[in-house]
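Accompanying notes for the structure given below.
Each chain gets a letter, A, B and so on, in the order the sequences are listed, and its residues count up from 1. Because the structure is predicted, anything quoted here is derived from the model rather than measured.
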Protein chains: 2
Amino acid sequence: MNNPEQFLRAHIEKVISLTDEEAAFIISHFQLKTFRKGQFIIEVGNDVNEVYFVLSGLVKLVYEDQDAKQHIVSFAMEDWWETDFQAFYTQNKAQLTLECIEDTLAYGLSFDNFEKLFSDSRKMERFFLRKSIAGHIGSQTRILSFLTSNARERYEQLLSKNPSLLQRVPKSSLASYLGVSRETLSRLF
Amino acid sequence: MNNPEQFLRAHIEKVISLTDEEAAFIISHFQLKTFRKGQFIIEVGNDVNEVYFVLSGLVKLVYEDQDAKQHIVSFAMEDWWETDFQAFYTQNKAQLTLECIEDTLAYGLSFDNFEKLFSDSRKMERFFLRKSIAGHIGSQTRILSFLTSNARERYEQLLSKNPSLLQRVPKSSLASYLGVSRETLSRLF
DNA sequence: TTTAAATAGTGATATTTGTCACGGCATCAA
DNA sequence: TTGATGCCGTGACAAATATCACTATTTAAA
């Protein structure tokens, strides 16, 4: 990642335009962080003080059930926001794990700064509203894929939306994201 | 519904508090509408000019696939917001159907008034942000239920969250919401 | 009232998917 | 290099779910 500040600004300006001053003010609320492959950014039972904007790398958001079986709620790569939103917004303990699949560079935005940001910046409040709406629509699309499609179709949809995942993520993880066993996924093609 | 204005105001004030003037201003953007059981509020291919706040009754948001098979994206009853959000926010044609399961009374909020509302009211922008976040978290919970649970467990989760659905909705529709055939659902108990 | 449509249950069977077990590679660290 | 670990495929079988066909009952409309 050559220029994190420019990258974040460009990301925000896809939604709303900013003056240089506004951009600098906004970016001052973020903290640049690096994580190594395999590192846990969020762990179950801990506080979730930050939402992350991924600059480079790849992370997975995971739920572990009573049988210690892991289910991938989502992947997040460059240009994506991620955290345990339930825990972050309600300021409860994490029920999800956020783990790096690759070395990852991200901006962290603390809950306090998150609140400050949209108290102080009408534009950022608008920005987060749009992002949140987009997230909601995206989730609904994923729900529809469970309702309408079998494992093979869901796999094809995932790869056509996100071809790079095939190179970057083990197939067992793709299976976990799709809600299918790794053996079944392996036999689909 | 005895007093729609009071009902809507109380709903909003669960998130942010309002003065009488603010409440009146906000409510002036909404239009009261009645629909009959079986009536289509949104139809595929049409414009989606409004988001609806349900005061009484029950509606279902449906996707129809290539085989003319219907899949229920969500139900909305009293105190819920509903529309084809994808179409509404992006101002494209509807890909979903919104149909009344019961006679329904709802406030309609036009796209123009929606935009005006949160240009003019910081509080409503905050309100919609919170609602949108809650919707996103809710969708993620539903995705997790597909990842972690079989048909019987999903059915139990749905009923424990929403017991009244069992009385108000045919089981074939519950099956459609759960992503399971009506025959399988019928055999689960 | 009479009829048509919607809803619900169930048997028989096919299809999809999960589970367990095993082996082959590749990767990575001691 | 060697051994451990993760990743991937696959056979054999079990479990979950879908599909088709039929019936009974309820609901709603003519």
Side-chain angles (χ1 to χ4, degrees), chain A residues 36-40 58 60 62-72 75 97 99-103 143-159 164-189, chain B residues 35-40 57-60 62-72 75 97 99-104 143-159 164-189:
Chain A
R36 297 213 194 113
K37 175 175 178 171
Q39 190 174 351
F40 291 91
L58 180 58
K60 61 178 178 182
V62 176
Y63 173 76
E64 185 172 328
D65 67 19
Q66 301 94 332
D67 306 332
K69 218 168 154 184
Q70 306 216 329
H71 306 273
I72 296 184
F75 297 107
T97 293
E99 180 181 354
C100 296
I101 297 177
E102 303 173 352
D103 290 349
I143 287 169
L144 263 179
S145 84
F146 280 110
L147 292 179
T148 63
S149 307
N150 60 23
R152 162 181 263 113
E153 292 163 336
R154 294 205 301 280
Y155 183 67
E156 286 163 348
Q157 290 160 17
L158 175 63
L159 290 194
S164 77
L165 279 183
L166 189 52
Q167 331 301 331
R168 298 170 74 178
V169 174
K171 290 189 180 169
S172 53
S173 291
L174 296 182
S176 169
Y177 177 86
L178 294 170
V180 77
S181 72
R182 61 161 202 88
E183 293 95 332
T184 295
L185 182 64
S186 169
R187 279 185 259 258
L188 287 182
F189 296 92
Chain B
F35 303 98
R36 297 213 196 114
K37 176 174 178 172
Q39 191 174 350
F40 291 90
L58 181 58
V59 300
K60 61 178 178 182
V62 176
Y63 173 76
E64 184 171 328
D65 66 21
Q66 302 94 333
D67 305 331
K69 216 169 158 184
Q70 306 215 329
H71 306 272
I72 297 185
F75 297 106
T97 293
E99 180 182 354
C100 296
I101 297 176
E102 303 173 353
D103 290 349
T104 295
I143 287 169
L144 263 179
S145 85
F146 280 110
L147 292 179
T148 63
S149 306
N150 60 24
R152 162 182 261 115
E153 292 163 337
R154 295 205 301 280
Y155 183 66
E156 285 164 348
Q157 288 160 19
L158 174 62
L159 290 194
S164 76
L165 280 182
L166 190 52
Q167 330 300 332
R168 299 170 73 177
V169 173
K171 290 191 179 165
S172 54
S173 291
L174 295 183
S176 169
Y177 177 87
L178 294 170
V180 77
S181 72
R182 61 162 204 87
E183 294 94 333
T184 294
L185 182 63
S186 170
R187 278 186 260 259
L188 287 183
F189 296 93

Nearest 0.5 Å, please: how far is OG in A:Ser149 from CG in A:Leu158?
12.0 Å

Just so I know, are the side chains of A:Ile101 and A:Ser173 near enough to count as touching, which here means a heavy-atom distance under 4.5 Å?
no

Members of residues 64-71 of chain B that approach DNA chain C, where some heavy atom sits under 4.0 Å away:
none

By side-chain contact (heavy atoms from CB on, under 4.5 Å), which residues pair with B:Asp103, not counting sequence neighbours?
B:Arg36, B:Lys37

Considering residues at least two apart in sequence or located in another chain, which fulfil the side chain to side chain donor-acceptor pair (under 3.5 Å) criterion with B:Asn150?
none

According to side chain to side chain donor-acceptor pair (under 3.5 Å), who are the partners of B:Glu99, at least two apart in sequence or on a separate chain?
none

Compare all side-chain heavy atoms of A:Asp65 with those of A:His71 and state whether any distance is below 4.5 angstrom.
yes

Students should find this one: the first and last nucleotides of DNA chain C, 5' to 3', lying under 4.0 Å from a heavy atom of chain A. What are they?
C:dT17 to C:dA21

Among all residues two or more places apart in sequence or in another chain, which pass the ring pair (Phe, Tyr, Trp, His ring centres under 6.0 Å) test with A:Tyr63?
none

Quick one: list whatever passes side chain to side chain donor-acceptor pair (under 3.5 Å) with A:Thr184, sequence neighbours left out.
A:Ser181

Sugar-phosphate or base contact per nucleotide [nucleotides 8-17 of chain D; S, B, -; heavy atom under 4.0 Å]
BBBBB----S

For residues 166-189 of chain A, which residue pairs qualify under salt bridge (charged side-chain N to carboxylate O under 4.0 Å, His left out), counting only residues two or more places apart or in two chains?
A:Glu78-A:Arg168, A:Glu102-A:Arg168

Nearest 0.5 angstrom please: A:Leu185 CG to A:Ser172 OG, how far?
9.0 Å

Work out how much the helix from C:dT1-D:dA30 to C:dA30-D:dT1 bends between its end axes, five pairs an end, to the nearest 10 degrees.
50°

Which residues pass the side chain to side chain donor-acceptor pair (under 3.5 Å) test with B:Gln70, sequence neighbours left out?
B:Glu64

With ring-ring contact (aromatic ring centres under 6.0 Å, His included) as the rule and sequence neighbours excluded, what pairs involving residues 170-189 of chain A come up?
A:Phe75-A:Tyr177, A:Tyr155-A:Phe189

